[in-house]
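Take a look at the structure set out below.
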Amino acid sequence: MKISPQTTEDGRRLAAKLEGQRVAMLTLEENGELTSRPLTPLELDDHGRFWFFVSRRTMQPLLGHGAREANLAFVDVPRGVYASLPGQVDLVDSPELKAALWTAAARPWFPDGEHDPDLVLLKFAPRRADAWDGPHSAVVRLAAMAASVVAARPIGLGDHERLGGLPRD
């Protein structure tokens, strides 16, 4: 994922936590149930918005013609980083932005490239982020879990922070 320079301190902290992330889980309400699907983030822009390529055929029925509430989650087990971001999703059909974000890795899903009629952008604008940092080492995580079980309270399992100072559209 390309990460543009962020304009707020919370945005910079979130960007640092998400560096190197290759998959996000997008959760939406679908037919009265919460459903999640994996997406590949293309960019975190300088306004704090995430951009994804999605199928118009699949996502248009779910999102209709307006912004909807959603949640985006990232998990990086090796680094012990977890993030959950509530916000709004919307579909954007911008030929210029599709061309700017195009990557050959998307070709298996969109064989006609950036001009594929099924290709549309999904924009996710977070309101805030909840982020958890745990120990980076699996051995340290295991030791911290064992100590926590013995002590019957969390010991060395990591920190939680709420990042609310994210840029707004």
Side-chain angles (χ1 to χ4, degrees), residues 1-30 34-133 136 161-169:
M1 164 173 57
K2 175 187 170 201
I3 297 179
S4 297
Q6 299 299 296
T7 58
T8 68
E9 181 58 31
D10 280 353
R12 287 187 284 279
R13 291 169 62 140
L14 178 62
K17 291 177 186 306
L18 299 182
E19 186 71 41
Q21 292 289 319
R22 300 177 58 103
V23 176
M25 291 296 290
L26 177 71
T27 302
L28 295 163
E29 184 275 323
E30 184 177 348
L34 293 176
T35 61
S36 299
R37 66 194 76 236
L39 296 175
T40 300
L42 301 167
E43 180 178 25
L44 171 58
D45 70 16
D46 57 354
H47 295 287
R49 301 171 299 199
F50 293 85
W51 293 92
F52 305 86
F53 286 143
V54 295
S55 163
R56 180 187 317 271
R57 179 178 33 79
T58 302
M59 295 305 284
Q60 188 76 52
L62 292 175
L63 298 179
H65 297 285
R68 292 229 359 239
E69 291 296 310
N71 194 80
L72 195 62
F74 292 91
V75 174
D76 187 340
V77 174
R79 288 180 40 217
V81 174
Y82 309 87
S84 177
L85 298 84
Q88 289 195 323
V89 289
D90 205 356
L91 296 179
V92 176
D93 195 1
S94 164
E96 298 81 18
L97 196 50
K98 287 193 273 190
L101 294 174
W102 179 253
T103 172
R107 191 167 298 283
W109 293 272
F110 305 104
D112 293 331
E114 65 195 67
H115 303 292
D116 193 303
D118 192 38
L119 176 65
V120 68
L121 290 159
L122 183 138
K123 174 182 74 171
F124 179 84
R127 280 191 304 285
R128 69 169 197 278
D130 282 293
W132 294 264
D133 288 305
H136 295 330
E161 65 181 316
R162 177 158 286 173
L163 303 170
L166 302 178
R168 296 289 219 192
D169 267 342

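Scope of the values below: all heavy atoms of this structure, side chains included, with no hydrogens, waters or symmetry mates.
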Could you tell me which non-hydrogen atom of [X] sits nearest to which non-hydrogen atom of [Y], and how far apart they are?
{"X": "Val120", "Y": "Ser55", "answer": "CG1-C, 4.2 Å"}
{"X": "Phe52", "Y": "Leu39", "answer": "CD2-CB, 3.5 Å"}
{"X": "Pro61", "Y": "Arg56", "answer": "CD-O, 3.9 Å"}
{"X": "Ala70", "Y": "Leu26", "answer": "CB-CD1, 3.9 Å"}
{"X": "Pro126", "Y": "Gly48", "answer": "CD-O, 3.1 Å"}
{"X": "Pro117", "Y": "Asp112", "answer": "CD-OD2, 4.1 Å"}

Original post:
Just by distance, do the side chain of Thr103 and the backbone of Ala106 share a donor-acceptor pair under 3.5 Å?
Top reply: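 Between the backbone of Ala106 and the side chain of Thr103 there is no qualifying donor-acceptor contact (under 3.5 Å).
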
Rounded to the nearest 0.5 Å, what separates atom [atom1] in [X] from atom [atom2] in [Y]?
{"X": "Thr27", "Y": "Leu85", "atom1": "OG1", "atom2": "CG", "answer": "11.5 Å"}
{"X": "Arg128", "Y": "Asp130", "atom1": "CZ", "atom2": "CG", "answer": "5.0 Å"}
{"X": "Leu97", "Y": "Glu43", "atom1": "CG", "atom2": "CD", "answer": "7.0 Å"}
{"X": "Thr7", "Y": "Asp45", "atom1": "OG1", "atom2": "CG", "answer": "9.5 Å"}
{"X": "Leu18", "Y": "Asp76", "atom1": "CG", "atom2": "CG", "answer": "9.0 Å"}
{"X": "Leu63", "Y": "Leu28", "atom1": "CG", "atom2": "CG", "answer": "6.0 Å"}

A side-chain contact here means heavy atoms from C-beta on lying under 4.5 Å apart; do [X] and [Y] qualify?
{"X": "Leu72", "Y": "Val89", "result": "no"}
{"X": "Glu69", "Y": "Gln88", "result": "yes"}
{"X": "Lys123", "Y": "Phe50", "result": "no"}

Original post:
What pairs with Glu30 under side chain to side chain donor-acceptor pair (under 3.5 Å), at least two apart in sequence or on another chain?
Top reply: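 Side chain to side chain donor-acceptor pair (under 3.5 Å) check on Glu30 returns Thr35, Arg37.
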
Original post:
Stepwise, does the side chain to side chain contact (heavy atoms under 4.5 Å, CB included) test hold for Leu44 with Gln6?
Top reply: CA-CA 9 Å; Leu44 171 58; Gln6 299 299 296; 3.8 Å; yes

**OP:** Return yes if a side-chain donor-acceptor contact under 3.5 Å exists between Asn71 and Ser84, otherwise no.
**Re:**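 Asn71 vs Ser84: donor-acceptor pair found between side chains.
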
**OP:** Hey, could you give me each pair passing ring pair (Phe, Tyr, Trp, His ring centres under 6.0 Å) that has a residue in residues 100-130? Not counting sequence neighbours.
**Re:**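 Listed once each, the pairs are Phe53-Trp102.
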
**OP:** Quick one: which residue pairs count as a salt bridge (charged side-chain N to carboxylate O under 4.0 Å, His left out) with a foot in residues 98-111, not counting sequence neighbours?
**Re:**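 Qualifying pairs: Asp93-Lys98.
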
